[in-house]
Amino acid sequence: MEKSLSRYIWKHTWRQQIVILTIVAVSMIPYFLSLDLPKQIINGPIQGDGFGTPDSLQPFFEVGFDLPLIGHLNIYAGYPLDRLSMLMALSLEFLALVVINNGFKYVINTYKGRLGERLLRRIRFQLIDRVLRFPPSYFKRTKSSEVATMIKDEVEPLGGFAGDAFVAPAMLGGQVVAALAFILAQNFWLGMIAVGMAMLQLGIIPRMRRRLIRLGRQRQLTARRLAGRVGEMVEGITTIHAYDTSNYERADMAKRLGEIFAIRYDLYQWKFMVKFINNFLAQVTPFLFYSIGGYLTLKGSLDVGQLVAVINAYKELPSPLKDLIDWDQGRQDVQVKFEQVVEQFQSDGILPERIQSVFTDVPPPLPGPLTASRLTLNDDSGGRLAHEVSLEIGKGETVAFLDLNGSTAVAVAEAFGRAIWQTSGKVSLGDMDILDLPESTTGRRISYVSTETYFFDGSLRDNLLYGLKHAPLKPAVREGQRAARRRWEIKEAALAGNVDFDTEGEWISVAGQTTIADDEILREWMLSALDTVLLSEDIFDLGMRSVVDPQQRETIARFAIDARKTLRGELIELDLPQLVVPFEFDAYNSEATIAENLLFGALIGGDAAARTIISSAYFRSIVSEDGLAEQLFEMGRKIVATMVELFGDEQQNNPLLPEMLLLEDREVPEYVRIQKEVEGKRLSEANEEQRRVLFLTAFSYVESRFRFGVLTNEIRAKIVKARHRFYENLPPNLQALIARYNEAEYQSSATLLENIVFGKISRVYADSHSRILSLIKKLAMEQNLYDDLLTVGLDFQVGPGGKRLTILQRQKLNVARAIIRRGDYYTLNQPLPGLNPNLQAQLVKNVISFLRSHSNGCTIIWVLSNPRLSNHFERIVIFDHGEVRANGSHDDLMGAEDGVLNELIVR
């Protein structure tokens, strides 16, 4: 990237800069005229210069020039006006010039703002492009949050400066020169004073501001390191809690914030010192004008109109002069920032652009064999991982990598997957170096999976199909405003140097073809891959716990309603009706909370809706009848007392607490305080906070879950009666917050499982949840809707990094994302560490069988964490201390004299 910001800006915006500079040059004409106009108004119609008699006339808008040798050249003689008419005409001219000057400012500022934002977009895109082309080693020594901060925040000022880079000095300098020239034209000595003070400001202030630039650079670096440290703390929050290092982290943060505070305080002190001197110099000049100009006026060598014009012109001078000085400081500041960003985004090993060029055709099959020739690999610290490893893997082979000591097998697999680059030697496919191949070939023909699992924030489906989105195949169809907006975006993307690919269009193609994959083919790929990695049951469970829009999935909504009665009948036949406690309007549901029993419906809006309903006067009036409010208040007090007794002041991380505090996010010490405050008090004696805490604690209580013995049959009966009263005259504003349970309707705010069960699954039986899911799965298969229910699970949002999935689910999904692609080479680098040996063996067999049937002639390389699984592979390569120790079939190595494979298996 260009290291000079000014050259970078000119290179990419010179056409727009010429246009805007031309506009600036034209704007100087009305600006200069506006400076001379007050003198004409005062000397002419006000003081009467040229109007000696009442009927005297003077030409208005006379246009003429005094030229050397030629003399006066009169272009337009003007329109004759009397004294009053001239005053009105000049005043209107002044108003017109104000409008014109401000119009020029509007056009210039709008144009340069658009220019700056466009250049900022270009810079950010280029930085992101470079991130995508950095070598793998770059990301091992750079924090992701620091990179994100630089792209998001640190380049932000560059966009603002881009519009001012050439326009601001031209416009501000033009205004300064115009004002000084006008003052000199009125009086030479006053003009020299103005010029001298301007030069003094331009000479002193920029020199003083160099310290501000140094302090600003220090502030930027410390702020960047703070962002990186905060990002590191967030990613390692589990470790912080596990090792009780939160106070150490607080101390470290306080230290870093103190460093930033000291820098910023120093910066503010110096900044306001500079501002004081600048303002002082700016105010000295008017003093000189008033004193010297006034003296010259009294002596008769300067008329009042000229003095007023000079003072008025100087009023226009400090603002552009100050802005020009500020522009120079900003220029130096953003230049430093630009250099730092460019330096940070430089790398000797950056991939050339051709490696990631767009390729919409079908990449040719990769040749064989896959060969490592005298391959040497080092880690970031220079430690040797592999030393001159030579290895050949033929097309169609299944090869297991094992390691006696060290991590050579892992490193060689990473080199085969282009996850690390060799120190020396070469990895080649046939006679082609793997690093010279474009990613459009290796990224589609080679699949690499490692122990690390990362998924992007989005649906499970998006992440599963992520490895199939290589190139734009067909833009999305848009009409009306959306089509116009898309055309505008394409134009702007081209001007900003961005790609104009349509992310809403088609990206996924059938393997080995350029035709777009239809939904049925995609679903078949996804479900078969999920079955292979034994993830279908998990996806089914996620689908059952998802909220489904009945308008978008009418078939599934109808199935849920029909399955209610069928499921209940199945449970009766199995003599297991107790597994589900159904919702009945005249009965208390022992598996639901008190709040759910009172409201008898699914909340539309979650906890916020619950708080709105419970805090309403209508709801309070309902629970106040029959003494129910008093009993709930007493129940809340008993629950709080029991919690305090069980957990005490210190045990705030007990897993039961989040269950208890469903509607009120409080900590145990607060409950200790509340317990003491309400001891011996009745409901009428408690304050609003105490009532809210105790009521919400009682509302979240489930007797079958917590078994505190505080929910009596009398209270149950009163809650059912209160439910009837609640729905008798329910206000419309509260009706909109509750979807009342109705066995004949689908509850759009409830999960799919809750809609099918239409009740609560009993907690009395440990396997009740899995039994219910098995019955629902059976019903779905009978109606050929099992695959449809799986697709609901595919819409599950996995969260940032896939953190809403379990570790095992992430590992399985990681493998599924790789095998769904149809390729030539698959490198699986310990993708399933720590799994149950039987489950691991099943997954290895499933994946090999799947790839053999779906990718004909593919090569499979698997770095095993369990040597006992090596019998599933045709060949085994054993590494030891950076070299190949053994290479052969399973039977040959088991019978070898050195017994190296036996040694690994015995371990």
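Proximity of a side-chain donor or acceptor of N597 to a complementary backbone N or O of T593 within less than 3.5 Å is detected. Checking side-chain atoms of R723 against main-chain N and O of L599 turns up no donor-acceptor pair under 3.5 Å. A donor-acceptor pair is defined here as one N or O able to donate and one able to accept, closer than 3.5 Å; no such pair exists between the side chain of R486 and the backbone of A476.
Between K760 and E596, at least one side-chain nitrogen of the basic residue sits less than 4.0 Å from a carboxylate oxygen of the acidic one, meeting the salt-bridge criterion. A salt bridge between R673 and E677 is present, with a side-chain N of the basic residue lying under 4.0 Å from a carboxylate O of the acidic one. Salt bridge D252/R256: present, at least one basic N to carboxylate O contact under 4.0 Å. In summary, D795 and R553 engage in a salt bridge, as defined by a charged side-chain N under 4.0 Å from a carboxylate O. Comment: D541 engages R545 in a salt bridge, judged by a side-chain N to carboxylate O separation of less than 4.0 angstrom. A salt bridge links E504 to R482: at least one charged side-chain nitrogen sits closer than 4.0 Å to a carboxylate oxygen. For the pair E743 and R568, the salt-bridge criterion is met [side-chain N within less than 4.0 Å of a carboxylate O].
Closest non-hydrogen pair, L794 versus S459, comes out as O-CB, 3.7 Å.
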Under the side chain to side chain contact (heavy atoms under 4.5 Å, CB included) rule, what do W507 and F501 come out as? Steps first, then yes or no, please.
CA-CA 10 Å; W507 286 73; F501 305 147; 3.8 Å; yes
Before you tell me yes or no, could you show the steps for E537 and K777 under salt bridge (charged side-chain N to carboxylate O under 4.0 Å, His left out), namely the whole-Å CA-CA distance, both residues' side-chain angles and the distance that decides it to 0.1 Å?
CA-CA 10 Å; E537 293 291 338; K777 179 180 177 181; 2.3 Å; yes
Check the pair T712 / R716 against side chain to side chain contact (heavy atoms under 4.5 Å, CB included), numbers first and verdict last.
CA-CA 6 Å; T712 64; R716 287 190 178 97; 6.0 Å; no
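Using cut-offs of 30° and 60° on the angle between ring planes, the pair F695 and F633 is perpendicular. Relative ring orientation between Y741 and F583 is described as parallel, the plane-to-plane angle staying below 30° on a 0-90° scale split at 30° and 60°.
Atoms CD and CZ, on Q747 and R740 in that order, are 10.5 Å from each other to the nearest 0.5 Å.
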